[in-house]
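Just below is one structure, and these are the notes that go with it.
All values below come from the heavy atoms of this structure, side chains included, with hydrogens, waters and symmetry mates left out. Sequence lines set the chain letters: A, B, ... in the order given, protein chains first and strands last, and positions in each chain run from 1.
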Number of protein chains: 2
Amino acid sequence: MDEVAGAVADRVRREILLMLRDGPLTAGQIADRFAISRPAVSRHLRVLREAGLVSDAADGRHRVYALVTAPIEELMGWLAELTRPSAWQHRFDALETEVYRTRRERRTAAGPDRSEEKTA
Amino acid sequence: MDEVAGAVADRVRREILLMLRDGPLTAGQIADRFAISRPAVSRHLRVLREAGLVSDAADGRHRVYALVTAPIEELMGWLAELTRPSAWQHRFDALETEVYRTRRERRTAAGPDRSEEKTA
DNA sequence: CGGAAGCGTAACACGTCGGTTACGCGTCAG
DNA sequence: CTGACGCGTAACCGACGTGTTACGCTTCCG
């Protein structure tokens, strides 16, 4: 998943994925759409391949790339969990608890310091 | 969105977002959870802030960070579009078309190797 | 065959990223 | 007021990513 997020985090690679959404394309067709050199595009394709976001198939002297959506959905699943609150419907009560916890920790480690009662 | 994807593409930052899912935390509390130095965490928080993924609020000498889910949903929206087929329900028939077109282009050999005219 | 087309890799330059230590500035406590 | 605490920033450095050009391998066509 690290690789998937990293792959999507690049503008060129996102553009490639968008192109591939409309159907498979050869490496040359993809490269033609960018101002950068073909080797650069080739390496972008390599990143996408290693992230599992595209599949490649040799066809004569062409190499055809196709979009693979499975890793995308996996990433979407992770993101969806973020938007789902876990054990925190009590508004900001948890903040108070956390601050208190840290204070206790620090006290045991550093010494006398009963300070920030301010909480929130 | 570039920034959002880039922010999520880092392991430490993803962990921070997960921590924040359970409620706001101070910078110190976040930093305590990692083996890296606090300045390093501070910069991760800066990246998250500039991506709009967290909100920060000064509270005394503490700084409280909270998760902001809006950009996440935006990224999810972009990813969802990838999984949606656009004008291509004919399985891999398009592949054949693309390869054929490319071959023809080369055969004409007039020079211009523009390919992307068929999708558009 | 032999040469051109298609594509990937190798080697290299360079900006960016993520880490560290040193420091500054505001805030709370005594 | 003074000193400790919390946190961010500055300066620096090694690693990685992205771009380039040069090259090699495979495939097609005349």
Do you know which two heavy atoms are closest between A/R38 and A/A31, and how far apart they sit?
CG-CB, 3.2 Å

Closest heavy-atom contact between A/H44 and A/I16?
CB-CD1, 4.1 Å

Could you check how far [atom1] of [X] sits from [atom2] of [N], rounded to whole Å?
{"X": "A/E3", "N": "D/dG17", "atom1": "CD", "atom2": "C1'", "value": "14 Å"}
{"X": "B/I30", "N": "D/dC7", "atom1": "CD1", "atom2": "P", "value": "9 Å"}
{"X": "B/F34", "N": "D/dC7", "atom1": "CZ", "atom2": "C1'", "value": "16 Å"}
{"X": "B/R46", "N": "D/dT9", "atom1": "CZ", "atom2": "C1'", "value": "8 Å"}
{"X": "A/R63", "N": "C/dC7", "atom1": "CZ", "atom2": "P", "value": "10 Å"}
{"X": "B/Q29", "N": "D/dC5", "atom1": "CD", "atom2": "C1'", "value": "15 Å"}
{"X": "A/L48", "N": "D/dT18", "atom1": "CG", "atom2": "C1'", "value": "14 Å"}
{"X": "A/L45", "N": "D/dG17", "atom1": "CG", "atom2": "P", "value": "17 Å"}

Please check: side-chain N/O of A/R21 versus main-chain N/O of B/E81, any donor-acceptor pairing under 3.5 Å?
yes

Show me, pair by pair, the donor-acceptor contacts under 3.5 angstrom made by side chains of residues 4-12 of chain B, not counting sequence neighbours?
from: B/D10; atom 1: OD1; to: B/V12; atom 2: N; distance (Å): 2.8
from: B/D10; atom 1: OD1; to: B/R13; atom 2: N; distance (Å): 3.2
from: B/R11; atom 1: NE; to: A/D2; atom 2: OD1; distance (Å): 3.4

Going by side-chain contact (heavy atoms from CB on, under 4.5 Å), name the residues that satisfy it together with [X], two or more places apart in sequence or in a different chain.
{"X": "B/R33", "answer": "B/E15, B/M19"}
{"X": "B/S37", "answer": "B/P39, B/A40"}
{"X": "A/E73", "answer": "A/T69, B/T83"}

Answer with base, sugar-phosphate or nothing: what part of the nucleic acid does B/Y65 contact at a heavy-atom distance below 4.0 Å?
sugar-phosphate

So which of A/L25, A/L48, A/L45 actually passes side-chain contact (heavy atoms from CB on, under 4.5 Å) with A/Y65?
A/L45

Around atom CZ of B/R14, are there more than 12 heavy atoms from other residues, nucleotides or ligands closer than 6.0 Å?
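Yes, because the 6.0 Å sphere around CZ of B/R14 holds more than 12 heavy atoms from other groups.
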
Name the pairs: protein N/O against N/O of nucleotides 24-26 of chain C, kept only if under 3.5 Å.
none

Go along nucleotides 12-23 of chain C 5' to 3' and tag each nucleotide: B for a protein heavy atom under 4.0 Å from its base, S when only backbone or sugar atoms are that close, - otherwise.
------BBBBB-

I want to check one thing: is the phosphate of C/dC7, taken as OP1 and OP2, less than 4.0 Å away from some side-chain N or O of A/T26?
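Yes, because at least one side-chain N or O of A/T26 sits under 4.0 Å from OP1 or OP2 of C/dC7.
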
